[in-house]
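Residue numbering restarts at 1 for every chain, and letters A, B, ... go by the order of the sequence lines. Not measured: the values here are computed from a predicted model.
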Amino acid sequence: MAATTEAVDQVRSIGEQYKYGFVTDIDVDLAPKGLNEDIVRLISKKKEEPEWMLEWRLKAYRHWLTMEEPTWQKPQYPDIDYQDSYYYAAPTTTEKPKSLDEVDPKLLETYEKLGIPLREQEVLAGVEGAPAVAVDAVFDSVSVATTYKAKLEEQGIIFCSISEAVRDHPELVQKYLGSVVPYSDNFFATLNCAVFTDGSFVYIPKGVRCPMELSTYFRINAENTGQFERTLIIADEGSYVSYLEGCTAPQRDEHQLHAAVVELVALDDAEIKYSTVQNWYPGDEDGKGGIYNFVTKRAACRGHNSKVSWTQVETGSAITWKYPSCILQGDNSVGEFYSVAITNNAQLADTGTKMIHIGKNTRSRIISKGISAGKADQTYRGLVRVQRGAKGARNYTQCDSLLIGDKCGAHTIPYIESQNPSAQVEHEATTSRIGEDQLFYCRQRGMDEEEAVALIVNGFCKEVLQTLPMEFVVEAQKLLGISLEGSVG
Amino acid sequence: MALLEIRNLHATVDGKQILNGLDLKIDTGEVHAIMGPNGSGKSTLSYVLTGRDGYELTDGDILFDGVSLLEMEPDERAREGVFLAFQYPVEIPGVTNMTFLRTAVNAVREHRGEMPFDPMDFVKYAREKATDLNVSDDMLRRPVNTGFSGGEKKRMEILQMAALEPRVAILDETDSGLDIDALKVVADGVNAMRSDERGMLVITHYQRLLDYIVPDHVHVLANGRIVKSGDKALALELEKKGYAEFLEQAA
Ligand SMILES: Nc1ncnc2c1ncn2[C@@H]1O[C@H](COP(=O)(O)OP(=O)(O)OP(=O)(O)O)[C@@H](O)[C@H]1O
Ligand SMILES: [Mg+2]
């Protein structure tokens with residue numbers, strides 16, 4: 001709420017430079033460039049994985065070789081040379097730090113540069129009485145510091161890196177990994193299965209309400225390192241968890257591929273809220289140097305009355321391709337998707353959601369706010385499928401696009417497939433422009449152009465921003481201002 | 001030195017000449033009223049003064065405290081203390097009046113070298129100003145002009161003026177669309193803002209408003225220039241006779 005003026009300060013202070021465009025100088029242990037079975041084996045070995053995990057990776061890798069890169073999506077991007085990327089980079093500290101004193105001070109410095117709120121730095125630093133936010137910091141693919149683990153463990157909550165989970169909780173990982181996004185799902189997800197190096201794992205036991213927001217800061221650091229995060233969250237019967245994902249990346253010249261997979265499983269009466277604020281480097285005005293973000297995020301509302309909400313604020317990346325989805329299997333289960341996507345300059349985004357209604361009386365709600373500026377192009381692609389057995393299923397979809405300037409584009413492509421006559425599916429779409437009259441009105445009240453745009457855009461996105469956890473609201477509002485810098489005038 | 005001095009103002013809109021050599025001087029402490037037929041250029045004048053895009057000044061100058069406004073962006077002029085209450089206030093969906101007001105007030109305060117309000121302090125400040133104008137908390141929490149009635153919008157314009165404390169205020173038909181009670185509330189709000197440090201330019205079609213906001217000077221605008229000036233008696237005269245006489249003169 002207070003953020004618009006701050007956003008403008010921030011816009012001013014960063015000038016032309018991308019705020020997080022710096023590279024931390026930490027020794028990186030790199031596997032050789034390129035991708036083959038040996039690299040897959042190397043990754044698995046470095047991670048000290050059991051045999052079944054390696055087998056799964058290899059199965060995925062072999063399948064990937066038979067797959068074609070998708071071409072149906074709107075953004076066209078230059079060919080990616082998969083043999084010209086690194087698939088493994090880990091900070092060279094081989095021993096896991098026992099306390100944060102042992103963490104590379106450069107890493108802590110990085111958090112500082114990232115502007116991780118002081119409170120959360122305190123959490124990271126393990127300061128007594130620090131607020132309840134658990135941060136699992138993913139730094140260049142390997143979780144270096146996982147905090148609050150002990151406190152969570154008291155309640156039987158598991159929050160750790162996926163590699164640790166593979167070692168320490170193999171029964172859970174084996175049961176659920178790939179159960180929502182199978183190894184053969186799509187080109188990028190399959191690649192992820194073969195080479196994922198880290199990510200988070202969360203398990204909330206029966207009846208437990210996770211007492212704090214779980215939060216992961218992603219940051220891509222090493223030059224040319226593809227990011228293959230893998231996140232798996234399981235909410236057992238009657239449990240609740242809210243998970244926050246935030247990302248920044250330093251500036252660089254070559255496009256970087258990011259192909260993460262996120263799987264959520266909600267059992268009977270469980271609820272998962274997954275929020276993302278994503279501001280990866282979008283590239284320069286012509287899109288050079290930005291991140292390619294091809295992510296597969298999917299939730300299975302497996303139990304009765306289960307609920308999953310995806311909230312995302314997407315401002316970064318050169319190219320975004322993602323469709324957080326919900327498979328509503330359990331009767332009376334609920335899927336929600338709240339999204340703000342901003343594209344500026346040469347950014348391209350093809351995003352949306354899929355709601356698959358399988359169980360009876362399943363409900364889904366989609367609120368998508370797209371903002372396009374510069375010569376950016378953005379497509380909302382939403383699929384609502386109601387299967388035969390989904391008696392009484394209901395969906396409400398609202399897609400609003402806001403255009404800034406006249407060189408950008410926004411497209412809304414709803415796919416609705418209903419096989420059950422009792423289902424109700426509603427779709428509303430609007431497209432509007434920031435009017436000269438709105439801008440003049442704000443400026444006549446003393447706001448400069450950037451501030452006026454930030455204010456108007458924040459208003460446009462309000463419905464979605466309201467669904468974010470408090471910690472993220474201000475950060476998200478700032479981001480909106482920053483990412484629209486220079487979009488008018 | 002006059003607070004606001006408009007010299008030989010010529011302006012075009014979309015290539016169409018609207019203002020043809022308009023002169024006007026407003027001193028601090030003064031309230032000037034401008035009356036004139038529809039389409040005579042009253043709103044155009046307000047936009048030229050505030051620097052709106054598309055309103056091109058082709059000749060003349062506007063001096064504010066002796067300094068030309070011509071090189072200043074609309075927001076700079078606003079921060080310097082030039083305020084316009086819009087004839088048609090604009091909707092900004094999703095942005096509450098409270099946020100809008102605070103952002104505006106803080107932009108101006110910062111420009112003056114004052115500390116910006118933090119949100120809690122601002123709520124107090126805004127409520128104080130709002131009570132005088134019969135603006136409820138509920139209205140403050142609603143999005144700017146969205147779903148507001150015509151009269152409510154005008155009241156919110158005056159609230160913005162009260163919160164921003166400008167040096168010169170231009171009120172463009174703030175009385176149109178107001179019921180009798182609201183007219184009094186608004187007029188009281190405006191009168192409370194009259195001060196030795198401030199000048200006002202009140203654009204209206206109706207003498208009635210001038211019963212409440214008694215002007216020091218009344219001007220008739222026709223065909224893009226001031227064709228007659230006088231005291232408040234001129235407004236009464238216009239009410240009786242209409243503009244015909246002046247239009248002939250101007251032609
Ligand atoms: N964008 C535009 N293009 C062409 N003509 C314009 C434009 N904007 C205003 N005008 C013309 O300029 C003239 C003056 O308009 P203006 O709005 O200033 O009148 P006004 O005195 O405020 O009238 P009213 O009493 O109806 O509010 C009118 O003839 C109007 O049609
Ligand atoms: Mg007018």
Geometric cation-pi criterion B:R102 and B:F117, 6.0 Å radius, 45° cone: no
Side-chain donor or acceptor of B:T146 paired with backbone N/O of B:V144 under 3.5 Å: yes
Interchain contact, B:R77 with chain A, by part (heavy-atom threshold 4.5 Å): neither
Parallel, tilted or perpendicular: ring planes of A:Y380 versus A:F337, cut at 30 and 60 degrees: tilted
Any side-chain donor near an acceptor of the partner, B:H10 and B:Q17, under 3.5 Å: no
Proximity breakdown for A:Y441 and chain B, heavy-atom pairs closer than 4.5 Å: both
Per-residue contact mode, B:L84 against chain A (heavy atom under 4.5 angstrom): both
Side chains of B:T28 and B:E197, donor plus acceptor under 3.5 Å: no
Under 4.5 Å from any heavy atom of chain A - which part of B:F100: both
Which of B:P116, B:P93, B:P166 touches chain A most, by non-hydrogen pairs under 4.5 Å: B:P93
Proximal component of B:E80, with respect to chain A [non-hydrogen, under 4.5 Å]: neither
